[in-house]
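Inspection log for the structure reproduced underneath, given as structure tokens.
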Protein chains: 2
Amino acid sequence: MLSSLFTIASLATAIAAASNYISGPPPVSYGLLLFPTFEQLDVNGPLEALYLLSLQFPMNLAIIAETLDPVSSKPLPVNNTFNSNVSQSVVPTNSFADVPPIEVLLIPGGFGAEVPEASETTIAFIRDIFPSLKYLITVCTGAGLAARAGVLDGRNATTNKAEWAKTIALGPKTNWIPHARWVVDGNVWTTSGVSAGTDGVLAFIEEQYGAEAATRVANTMEWVRITNSSDDPFAGLYGL
Amino acid sequence: MLSSLFTIASLATAIAAASNYISGPPPVSYGLLLFPTFEQLDVNGPLEALYLLSLQFPMNLAIIAETLDPVSSKPLPVNNTFNSNVSQSVVPTNSFADVPPIEVLLIPGGFGAEVPEASETTIAFIRDIFPSLKYLITVCTGAGLAARAGVLDGRNATTNKAEWAKTIALGPKTNWIPHARWVVDGNVWTTSGVSAGTDGVLAFIEEQYGAEAATRVANTMEWVRITNSSDDPFAGLYGL
């Protein structure tokens, strides 16, 4: 009897583990949302992982912004005490008016995502595209944009730990989880700040394309992975 | 007597530790060398750290390429079995013909740095600018470009572990160190592959701007640092 129960439990676990693989082929079409004053590593940790993966699987990426003008990561004047300029401009491939079919949308964070003035057009883009997505992944304070678009309502989610209070205030209907490198709720993945996006995307790769593919990508990146989503070295540091 | 020797030894250690600070103010002007098929995280891990640092210290960055045309990270056909396109184009701020004064030059790697066809103009640029630099930092296979420019001759250096044999062949007069997250030789810093660039630049920040600044940057990035340059989790993995 006990043995039968174990067998049933093991079977249920195996089915749950395999469900991500039997739900269809892994994604091919990715989109990256860009906006002024995006955080450079929020974008490029995940993009590095997806680029290396794209040498193992057919994949493409659309870089989507409000217009086709280059989008700058230049700091906001309010944060830029020394009038520094360590930034770059990235060229979008698609404007909001011309978005190809996308299975996975990646939303980075950064000071540009956090300001109340963050473009309503960007929020509306997220709200409109969300129902057509297979997966949404937010990095860092990108969760604040998703929250403002309403797509995190009723979900578990996490975000940047240094900007915690400010960001969670944007999602009063979200169950924010402070001790998490990343959080998965249905088809929505949210990660903690900056570097956490890379661990989250590597976990996403592992779920969708298999452990071998994820390990190969991480080793090529010489990335020391955090593989447990609740292993968060920074929540405590920021008093959460 | 023994006590005096200890005092002298401690004093020598303290002077050595402080020497980086008393050699002048920390750098303000950075340059990033870009070329087609650069590795995205080689560039953007270091740039993220420098961007966050630039909110604590006055700093600026020139993004330098052969021309002012956007530079793409699109994979080389030879590596792109599935005809994928997960890449981006970054807009240079300066061409080789118009480079502002730079104290620190950052050279990323990537397949574009490894091919024999890598532009002779790029190699010549490195050779020409090197004597005017305060520091050179290479990430990943960017060390191969520096080696081809001759600036690693007679120096200790390291590079990407997955591309080790191919890259060290470009620098026969260099003492290549396989077990290293990064290597410092005089004013030349070389790092291992991709993510190692960020640990190397954080160590550079610690040396130049102090431990507090480096820790603040790493914590804001939610980056789990490797702080010991000889702690290399990947050399063994690649049989080195």
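Just the heavy atoms: all of them, side chains too, but no hydrogens, waters or symmetry mates, feed the values below. In what follows, chains carry the letters A, B, and so on, assigned in the order in which the sequence lines appear, proteins first and then strands, with residues in each chain numbered from 1.
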I'd like to know which of [options] tops the heavy-atom pair count under 4.5 Å against chain A.
options	answer
Gln88(B), Met59(B), Glu222(B)	Glu222(B)
Gln40(B), Glu48(B), Gln56(B), Lys161(B)	Glu48(B)
Val43(B), Leu61(B), Asn44(B)	Asn44(B)
Gly193(B), Cys140(B), Ala49(B)	Gly193(B)
Leu32(B), Asn219(B), Leu53(B), Leu50(B)	Asn219(B)
Leu41(B), Asn60(B), Val28(B), Val91(B)	Leu41(B)

Evaluation steps, side-chain contact (heavy atoms from CB on, under 4.5 Å), between Glu39(A) and Met221(B) = CA-CA 10 Å; Glu39(A) 195 79 14; Met221(B) 291 169 69; over 6 Å; no

Contact class of [X] relative to chain B, heavy atoms under 4.5 angstrom:
X	value
Ser89(A)	both
Ser73(A)	backbone
Glu163(A)	neither
Leu55(A)	both
Asn160(A)	both

With respect to chain B, which residue among [options] yields the maximal number of heavy-atom pairs within a distance under 4.5 Å?
options	answer
Asp232(A), Ile226(A), Val224(A), Asp199(A)	Val224(A)
Thr198(A), Asn83(A), Thr81(A), Leu47(A)	Leu47(A)
Ala196(A), Pro70(A), Ala62(A), Pro75(A)	Pro75(A)
Pro92(A), Ser72(A), Pro233(A), Ser192(A)	Ser192(A)

Take Val201(B) and Leu106(B) through the side-chain contact (heavy atoms from CB on, under 4.5 Å) test and state the conclusion after the steps.
-> CA-CA 10 Å; Val201(B) 165; Leu106(B) 189 75; 4.2 Å; yes

Backbone N/O of Gly109(B) and side chain of Thr141(B): donor-acceptor pair under 3.5 Å | no

Determine yes or no for a side-chain-to-main-chain donor-acceptor pair under 3.5 angstrom, with Thr158(B) supplying the side chain and Thr191(B) the backbone.
-> no

Would you call the rings of Trp176(A) and Trp164(A) parallel, tilted or perpendicular if under 30° counts as parallel and over 60° as perpendicular?
-> perpendicular

Lys/Arg-Asp/Glu bridge criterion (N-O < 4.0 Å) met for Arg181(B), Asp231(B) = no

Asn187(B) side, atom CG; Glu103(B) side, atom CD - distance, nearest 0.5 Å | 12.5 Å

Kindly compute the distance separating OG1 (Thr159(B)) from NZ (Lys166(B)), expressed to the nearest 0.5 Å.
-> 11.0 Å

So what's closer than 4.5 Å to chain A heavy atoms on Phe57(B): side chain, backbone, both or neither?
-> backbone

Pick one of side chain, backbone, both or neither for Thr220(B), based on which atoms fall under 4.5 Å of a heavy atom in chain A.
-> both

Stepwise side-chain contact (heavy atoms from CB on, under 4.5 Å) check, Val86(A) with Tyr30(B) | CA-CA 8 Å; Val86(A) 177; Tyr30(B) 286 76; 5.8 Å; no

Audit row: Trp223(A), Val217(A), side-chain contact (heavy atoms from CB on, under 4.5 Å) steps and yes/no = CA-CA 9 Å; Trp223(A) 181 270; Val217(A) 165; over 6 Å; no

Arg216(B) atom CZ: more than 12 heavy-atom contacts under 6.0 Å = no

